[in-house]
Novice: 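Starting off with a structure, shown below.
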Amino acid sequence: MKNISFQLHPRVDYTKGLMGMLTVKEIKNLLTARKVDITGTGMFDKHDILNALATSLPKHSPRQDGIVWRSKWKASFIVAEWDSKRIILTKDELCNAEWNIRFRQWPAEEESMWAKFNPDYTYTSQMIQPGHSMKWRFYANDVQVESYPELKISRAKDWRFVMQNMHAILYQV
C-alpha cells in the first residue's frame, strides 16, 4: 500500500458531534478534498467554513445515521474502512485517476498501457491513435466504453478501484 500521510476522511459526516473538534486548517483540507472552492468566496471565519463543511458531504458517503462520533480520527478510520467496500465510482474519481489497461488474452509478460477517462466523456489510451478518442458513459453502476461490454467495478485488496469485463481489466494506478 502507498504511504499516505494522516488526514481526516472527507466522507465522514462531521456534523455528528465532531465540528467543535476540528481546526480551521483541518476544515479547509476537508473542503479541498470534497472539491469545495473556498478561495475568493468571502468565507473568512470558522462559522462560514463549518457551514460549508456541513453542506458538502460527498455523494455515496457511507450512512452514518444515529452515530455520534467521539473522535475525529476514529470516525475517519471507520468511515475509510466502510468506504473501501464501496463499488460505486463517481465521475470525479473515474476522471481524476490514472488507469492501466490489460487485455485478458495478452501474454503475462506483456506490459499494461495507460488509459484515461476524461470529464467530457471521452476515453483515450495508448492504444488509440493520438487525436482520437472513444465515448464512455456510466451504465447503471458500471462504466461502458463505446458499445463494448460494460466494465464491472470492484475493489482490489489495497482499496484501489478495478474495472473489468470478459476482454479487459483496468487498474487504478
Side-chain angles (χ1 to χ4, degrees), residues 1-101 112 114-125 133 136-143 151-163 170-173:
M1 191 186 287
K2 297 178 183 176
N3 291 332
I4 300 173
S5 62
F6 289 115
Q7 54 190 350
L8 295 172
H9 200 284
R11 292 184 183 277
V12 171
D13 184 353
Y14 290 95
T15 63
K16 309 288 185 184
L18 297 175
M19 294 291 242
M21 297 180 193
L22 299 172
T23 67
V24 171
K25 182 179 179 182
E26 288 170 335
I27 297 166
K28 287 182 177 181
N29 288 341
L30 287 165
L31 290 171
T32 299
R34 291 180 176 185
K35 308 287 190 241
V36 176
D37 184 17
I38 61 169
T39 58
T41 59
M43 286 190 234
F44 297 111
D45 65 7
K46 190 172 181 178
H47 175 74
D48 291 335
I49 59 174
L50 278 173
N51 189 42
L53 185 67
T55 59
S56 65
L57 189 64
K59 189 176 179 181
H60 306 300
S61 292
R63 291 189 58 168
Q64 299 162 55
D65 301 339
I67 299 174
V68 178
W69 299 113
R70 302 207 188 299
S71 162
K72 58 188 175 187
W73 295 108
K74 187 174 185 178
S76 287
F77 176 79
I78 292 168
V79 169
E81 285 283 333
W82 290 342
D83 194 47
S84 73
K85 293 160 184 54
R86 177 175 54 91
I87 57 170
I88 297 174
L89 192 59
T90 66
K91 181 181 177 186
D92 189 53
E93 289 168 324
L94 180 67
C95 295
N96 287 324
E98 295 178 33
W99 296 91
N100 281 343
I101 184 171
S112 60
W114 64 264
K116 177 77 176 137
F117 293 86
N118 300 301
D120 64 356
Y121 295 96
T122 58
Y123 167 85
T124 54
S125 79
S133 64
W136 70 268
R137 69 181 180 133
F138 283 110
Y139 184 82
N141 287 336
D142 302 321
V143 174
L151 297 158
K152 303 283 182 204
I153 300 168
S154 61
R155 295 299 273 268
K157 288 181 182 177
D158 64 2
W159 301 2
R160 291 181 298 163
F161 285 102
V162 177
M163 298 187 297
L170 287 93
Y171 296 95
Q172 184 181 21
V173 179

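Numbers here are sequence positions counted from 1. The basis for the numbers below is simple: all heavy atoms, side chains too, and nothing from hydrogens, waters or symmetry mates. Quick caveat, the model's predicted, so the values are computed rather than measured.
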Novice: Counting only heavy atoms not in Tyr171 (residues, nucleotides, ligands), do more than 12 fall under 6.0 Å from its OH?
Specialist: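 Not more than 12 within 6.0 Å, no.
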Novice: Give the intermediate values and the outcome of side chain to side chain contact (heavy atoms under 4.5 Å, CB included) for residues Trp136 and Leu151.
Specialist: CA-CA 11 Å; Trp136 70 268; Leu151 297 158; over 6 Å; no
Novice: With side chain to side chain contact (heavy atoms under 4.5 Å, CB included) as the test, would you mind laying out the steps for Tyr14 and Leu57 before giving the verdict?
Specialist: CA-CA 9 Å; Tyr14 290 95; Leu57 189 64; over 6 Å; no
Novice: Quick one: are Lys72 and Val12 in side-chain contact, heavy atoms under 4.5 Å?
Specialist: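 No, every pair of side-chain atoms sits at 4.5 Å or beyond.
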Novice: Would you say that Lys116 contacts Tyr123 through its side chain, given a criterion of any heavy-atom pair below 4.5 Å between the two side chains?
Specialist: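 Side-chain contact under 4.5 Å: no.
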Novice: Could you tell me if the side chain of Asn29 sits less than 4.5 Å from the side chain of Gln7, heavy atoms only?
Specialist: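 Contact flag for Gln7/Asn29 side chains = no.
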Novice: For Tyr121, does its backbone N or O pair with a side-chain atom of Arg137 as donor and acceptor, under 3.5 Å?
Specialist: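 Flag not set: sc Arg137 to bb Tyr121 has no pair under 3.5 Å.
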Novice: Do Trp99 and Val173 come within less than 4.5 Å of each other through their side chains, counting heavy atoms only?
Specialist: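 Answer no - side chains too far apart.
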Novice: Quick one: does Arg11's side chain have a donor or acceptor within less than 3.5 Å of a partner on Lys59's backbone?
Specialist: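 Checking the backbone N and O of Lys59 against the side chain of Arg11, a donor-acceptor pair under 3.5 Å is found.
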Novice: Is a donor from one side chain sitting under 3.5 angstrom from an acceptor on the other, for Trp69 and Gln64?
Specialist: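 Indeed, the side chains of Trp69 and Gln64 share at least one donor-acceptor pair under 3.5 Å.
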Novice: Tell me if the NZ atom of Lys91 is crowded by more than 12 foreign heavy atoms within 6.0 Å.
Specialist: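 Counting other residues, nucleotides and ligands, NZ of Lys91 exceeds 12 neighbours.
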Novice: So Ile153 and Ile88, side chain to side chain contact (heavy atoms under 4.5 Å, CB included) or not? Walk me through it.
Specialist: CA-CA 7 Å; Ile153 300 168; Ile88 297 174; over 6 Å; no
Novice: Quick check on Lys85: does its NZ atom have over 12 non-hydrogen neighbours (other residues, nucleotides or ligands) under 6.0 Å away?
Specialist: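 Atom NZ in Lys85 is packed in, count exceeds 12.
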Novice: So, applying side chain to side chain contact (heavy atoms under 4.5 Å, CB included) with Leu8, which one of Val79, Ile27, Leu30 is it?
Specialist: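 Option passing the side chain to side chain contact (heavy atoms under 4.5 Å, CB included) with Leu8: Leu30.
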Novice: Between the main-chain N or O of Arg63 and the side-chain N or O of Trp82, is there a donor-acceptor pair closer than 3.5 Å?
Specialist: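 Judged by distance alone, no pair lies under 3.5 Å.
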Novice: Quick one: do the Thr122 and Asp120 side chains pair a donor with an acceptor below 3.5 Å?
Specialist: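 Distance-only check passes for Thr122 and Asp120.
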Novice: Please name the pair of heavy atoms, one in Leu170 and one in Phe117, separated by the smallest distance, quoted to 0.1 Å.
Specialist: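 Smallest interatomic distance, heavy atoms only, reads CD2-CE1, 3.8 Å.
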Novice: Just wondering, do Leu31 and Ser56 contact through their side chains at under 4.5 Å, heavy atoms?
Specialist: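 Yes, their side chains come closer than 4.5 Å.
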Novice: If you look at every heavy atom in Ser84 and Arg155, which pair is closest and at what distance?
Specialist: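 In terms of heavy atoms, the two residues are closest at O-CG, 3.3 Å.
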Novice: What is the minimum heavy-atom distance between Trp114 and Asn100, and which atoms define it?
Specialist: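 The pair with the smallest heavy-atom distance is CA-OD1, 3.9 Å.
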Novice: Answer whether the closest heavy-atom distance between the side chains of Val68 and Arg70 falls below 4.5 Å.
Specialist: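 Contact flag for Val68/Arg70 side chains = yes.
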Novice: Between Phe6 and Trp73, how do the two ring planes meet: parallel, tilted or perpendicular, split at 30° and 60°?
Specialist: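 Plane angle over 60°, so perpendicular.
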Novice: Can you confirm if the aromatic rings of Trp159 and Phe161 lie within a centre distance of less than 6.0 Å?
Specialist: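 Not under 6.0 Å, so no.
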Novice: Flag yes if more than 12 heavy atoms outside Ile87 fall under 6.0 Å of its CD1 atom; otherwise flag no.
Specialist: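 Check fails, neighbour count at 12 or below.
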